Structure formats: structure tokens, C-alpha cells
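Remember, predicted model here, so these are calculated numbers, not experimental data. Proteins come first, then strands; the chains are lettered A, B, ... in the order of their sequence lines, and each starts at number 1.
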Number of protein chains: 2
Amino acid sequence: MSKYDCLKLENQLCFPLYACAKAVTRHYKPLLDEFDLTYTQYITMMVMWERKSASVKEIGECLYLDSGTLTPLINKLESKGYIEKHRSDDDARGVVVSITEAGKKLRDKMVKVPNAMGGCVALSEKEAEELYNLLYKILKHFDDIDS
Amino acid sequence: MSKYDCLKLENQLCFPLYACAKAVTRHYKPLLDEFDLTYTQYITMMVMWERKSASVKEIGECLYLDSGTLTPLINKLESKGYIEKHRSDDDARGVVVSITEAGKKLRDKMVKVPNAMGGCVALSEKEAEELYNLLYKILKHFDDIDS
DNA sequence: ACAAAATAGATTGCATACAATTTAATTGTA
DNA sequence: TACAATTAAATTGTATGCAATCTATTTTGT
């Protein structure tokens with residue numbers, strides 16, 4: 001009705017997105033606390049589990065994070081013993097991050113986490129897939145715009 | 001195939017949610033910079049525009065934020081002149097935040113923001129509504145769990 | 001070859017988030 | 001009515017995010 005309706009919180013798409021993302025990471029916390037990992041550290045480990053080895057830049061591309069966030073985060077994961085850093089042989093500017101044995105073992109311990117979290121999100125298989133597709137549609141479009 | 005598949009980034013629902021929320025707030029930034037507001041300050045102003053007056057606690061309930069986040073944020077909005085704080089008459093523990101004339105004027109200037117942002121999100125009306133409903137379904141469920 | 005442009009990480013600074021603690025005020029109850 | 005329990009904000013401490021800048025290297029264009 002009012003010209004101000006577009007500025008109502010309930011008419012925003014961005015707000016439930018923002019609030020929901022925070023709620024999910026907040027509910028991950030008790031699960032991840034057992035492993036002394038934060039959510040961001042957890043998804044960084046996911047990249048390492050899949051790739052075994054990756055540059056900071058590559059990790060950043062996977063996670064949409066820059067070195068300002070990743071550098072301290074990677075240092076923490078290194079001090080926990082899950083990853084190692086060394087300068088790249090090919091390109092002395094680059095840093096190669098690789099997974100350690102302890103990091104590989106962590107994977108076995110954490111296999112139960114996704115399922116435990118899945119129980120918190122009250123969506124059907126179909127709904128979850130719809131949501132997944134809609135979110136990636138937005139992400140892809142941003143990728144296109146930004147490139 | 002592997003028992004580790006559940007730990008793959010591409011099989012997570014949480015990750016696109018997390019990444020998408022960040023991407024959206026990141027793309028809000030240039031729009032909000034013109035008004036010298038951050039995204040969180042912007043949605044706080046949305047609450048104030050609607051309610052004219054609210055306690056820190058009430059704002060926190062609207063936005064899913066606690067006093068640790070809101071206290072400094074509200075102080076910044078106050079120093080910008082958009083809101084005012086005063087202790088509640090009813091309950092001296094509470095702080096009532098109310099909108100100023102400058103805050104009301106800001107609303108007129110910012111009416112164009114939601115539309116400008118909408119252009120960035122490549123979803124149809126129907127898709128946006130679906131996404132909206134799915135996100136609120138998750139949020140509502142968390143509300144139920146947490147209460 | 002070599003100076004300029006580009007790139008990879010690290011660093012700095014600012015603004016969230018949020019748990020945990022503290023302080024002041026209010027409520028519930030024996 | 002004392003007084004323990006609760007509540008509202010503020011404070012403290014840790015961990016992101018991200019823009020902007022800096023440093024060391026590598027590429028590029030001539």
C-alpha cells in the first residue's frame with residue numbers, strides 16, 4: 001500500500017537469507033565445538049579433504065573468501081595440526097596448503113556431523129533440493145556479474 | 001559412493017546458504033555506501049522505520065541479534081543522528097530506541113535501494129517466493145527448537 | 001632484457017556475530 | 001518484606017568478513 005512497503009523487513013528476501021545462514025552456523029557450533037573447529041574452519045577442511053592440496057587462492061575460490069580471512073584461519077588450522085603450509089616450487093608467490101595425517105583422521109571422526117545437522121533443518125528431500133538449486137542460481141548469477 | 005561424500009562441499013545445503021548470504025550483503029555494500037550505512041545498520045533502520053520506537057531486546061528479536069552486536073551498532077546509528085536512546089520509564093533496565101527526524105528523512109532517500117538490489121538477484125517472482133518460504137520454514141523450525 | 005603491470009599472500013583496520021560475564025533493576029516467593 | 005532468581009544492556013574476548021594497502025614475485029609489452 002505505502003511507498004515504504006519495499007523497505008519492510010518482511011518484504012525482503014535478503015533478510016531471511018541473512019538470518020537463516022546465521023541460524024544454521026549457530027546450530028553447527030555445538031556439533032563443531034567437540035572438534036574444536038569453527039564453521040569456517042570446518043568448510044575449509046572440507047576443501048582440504050577433497051583436494052589434499054590447494055593454494056590459498058584456490059581455497060578462496062572454492063569458499064568465496066579472500067586472503068584477509070583465510071590467512072589467519074589457515075594459520076589456526078596449521079597450529080591445530082590438520083594442515084601444513086609451504087611455499088610453492090613453481091611460483092614463489094604462492095603458498096600450497098596440504099592436509100596432514102591428523103587432518104585425514106579428523107575426516108573419519110566428522111563423518112557424522114552432516115547427518116546430525118540435517119536433522120535440524122526441517123525440510124523434505126524435495127524442498128532441500130529446491131532450496132539448493134535456488135541458492136546456486138543466485139550464486140552463479142553473481143559469479144557472472146562479477147567476472 | 002564413498003562414505004565421505006556427505007562431507008563434500010557440493011553436497012552441503014549449508015554452504016550455498018552461507019555463501020549466498022555473504023554475496024548478497026557484499027552486493028548491497030556499494031548501494032549502502034552512498035548512505036554511509038552497513039547492511040546490519042540498514043536492517044536495523046528498517047525495524048525503526050516500521051516501529052518508530054523499540055527496546056534493544058525487541059530489535060534483537062526482530063533481527064536475531066543480541067546486545068553484544070546491537071549495543072555498538074545502535075551507538076553508531078545514534079552518532080549518525082538517525083536514532084536516539086533513552087532509558088525506559090517503565091523499566092529502568094530497558095533502553096528505548098526511537099527514530100529521529102533525520103532517520104525518517106533517510107527512509108525517503110532509501111526507498112530506491114530494494115529495487116536496485118532486486119535487479120541483482122536473478123530469480124523470477126515465483127522463484128523468489130519459493131526461496132522466501134523455504135528460508136522462513138527453516139527459521140521457524142529453529143525458533144521452535146530454541147524456545 | 002627490462003621496466004611496467006599483474007598476481008599471491010600477508011597485514012591493517014573496521015564492522016559484525018556471538019558466547020560469556022558483569023552490572024543494575026525487577027520479580028517471584030517464602 | 002527480605003532475598004534469591006530473572007532479566008536488560010553493556011562489556012569482554014574470540015573469530016570471522018572484507019576493503020585497502022603492502023611486499024615479493026612473476027608476466028608482459030616493447
*If we fit an axis to the first five pairs and another to the last five of the helix from C:dA1-D:dT30 to C:dA30-D:dT1, what angle do they make, to the nearest 10°?*
20°

*Might you work through the side-chain contact (heavy atoms from CB on, under 4.5 Å) test for A:Ile59 and A:Ile74, ending with a clear yes or no?*
CA-CA 10 Å; A:Ile59 297 173; A:Ile74 286 170; 4.2 Å; yes

*Could you please spell out the steps behind the side-chain contact (heavy atoms from CB on, under 4.5 Å) verdict for A:Lys3 and B:Asp108?*
CA-CA 9 Å; A:Lys3 67 165 174 170; B:Asp108 284 299; 2.9 Å; yes

*Taking only residues two or more places apart in sequence, or in another chain, which ones meet B:Arg93 in a salt bridge (Lys or Arg N to Asp or Glu O under 4.0 Å)?*
B:Asp91

Gap between atoms [atom1] and [atom2], on [X] and [N] respectively (whole Å):
X       : N      : atom1 : atom2 : value
A:Tyr39 : C:dA19 : OH    : P     : 17 Å
A:Tyr42 : D:dT16 : OH    : P     : 15 Å
B:Glu61 : D:dT7  : CD    : C1'   : 12 Å
B:Ile43 : C:dA15 : CD1   : C1'   : 13 Å
A:Ile59 : C:dA10 : CD1   : C1'   : 15 Å
B:Leu37 : C:dA15 : CG    : C1'   : 13 Å
B:Lys57 : C:dT26 : NZ    : P     : 16 Å
B:Glu58 : D:dT7  : CD    : P     : 16 Å

Can you list, in residue-number order, the parts of [range] that come under 4.0 Å of DNA chain D, counting heavy atoms only?
range                       : value
residues 46-54 of chain B   : none
residues 138-145 of chain A : none
residues 21-31 of chain B   : B:Lys22, B:Arg26, B:Lys29

So do the side chains of [X] and [Y] get within less than 4.5 Å of each other, counting heavy atoms only?
X        : Y       : answer
A:Met110 : A:Met45 : no
A:Met117 : A:Val24 : yes
A:Ile99  : A:Arg51 : no

Ignoring backbone atoms, test whether [X] places a side-chain nitrogen or oxygen under 4.0 Å from the OP1 or OP2 oxygen of [N].
X       : N      : result
B:Ser88 : D:dA8  : no
A:Ser55 : C:dG9  : yes
A:Thr40 : D:dG17 : yes

Greater than 12 external heavy atoms within 6.0 Å of [X]'s [atom1]:
X        : atom1 : value
B:Glu61  : CD    : yes
A:Asn115 : CG    : no
A:Lys140 : NZ    : no
A:Lys112 : NZ    : no
A:Lys105 : NZ    : no

*Is the shortest distance from a Lys or Arg side-chain nitrogen in A:Glu101 or A:Lys104 to a carboxylate oxygen in the other one below 4.0 Å?*
yes

Please list, chain by chain and in numerical order, all residues satisfying side-chain contact (heavy atoms from CB on, under 4.5 Å) with [X], sequence neighbours excluded.
X        : answer
B:Lys22  : A:Tyr64, A:Leu65, B:Tyr18, B:Arg26
B:Asp146 : A:His27, B:Phe142
B:Lys29  : B:Asp33
B:Val96  : B:Ser53, B:His86, B:Ser88

Donor-acceptor pairs are to be reported for all side-chain atoms of residues 5-17 of chain B against protein atoms at under 3.5 Å, with residues two or more places apart or in another chain.
unit_1  : atom_1 : unit_2 : atom_2 : d
B:Asp5  : OD2    : B:Met1 : N      : 2.4
B:Asp5  : OD2    : B:Ser2 : N      : 3.4
B:Asn11 : ND2    : B:Asp5 : O      : 2.7
B:Gln12 : NE2    : B:Cys6 : O      : 2.6
B:Gln12 : NE2    : B:Lys8 : O      : 2.9

*Could you walk me through whether A:Met48 and A:Tyr82 pass the side-chain contact (heavy atoms from CB on, under 4.5 Å) check?*
CA-CA 9 Å; A:Met48 297 313 300; A:Tyr82 296 136; over 6 Å; no

Using a cutoff of under 3.5 Å, can you pull out all pairs of nitrogen or oxygen atoms linking the protein to nucleotides 26-28 of chain D, with atom names and distances?
unit_1 : atom_1 : unit_2  : atom_2 : d
D:dT26 : OP1    : A:Ala92 : N      : 3.0

*Just by distance, do the side chain of B:Lys137 and the backbone of A:Glu127 share a donor-acceptor pair under 3.5 Å?*
no

*Contacts to DNA chain C from residues 62-85 of chain A, heavy-atom cutoff under 4.0 Å, which residues?*
A:Ser67, A:Gly68, A:Thr71, A:Lys85

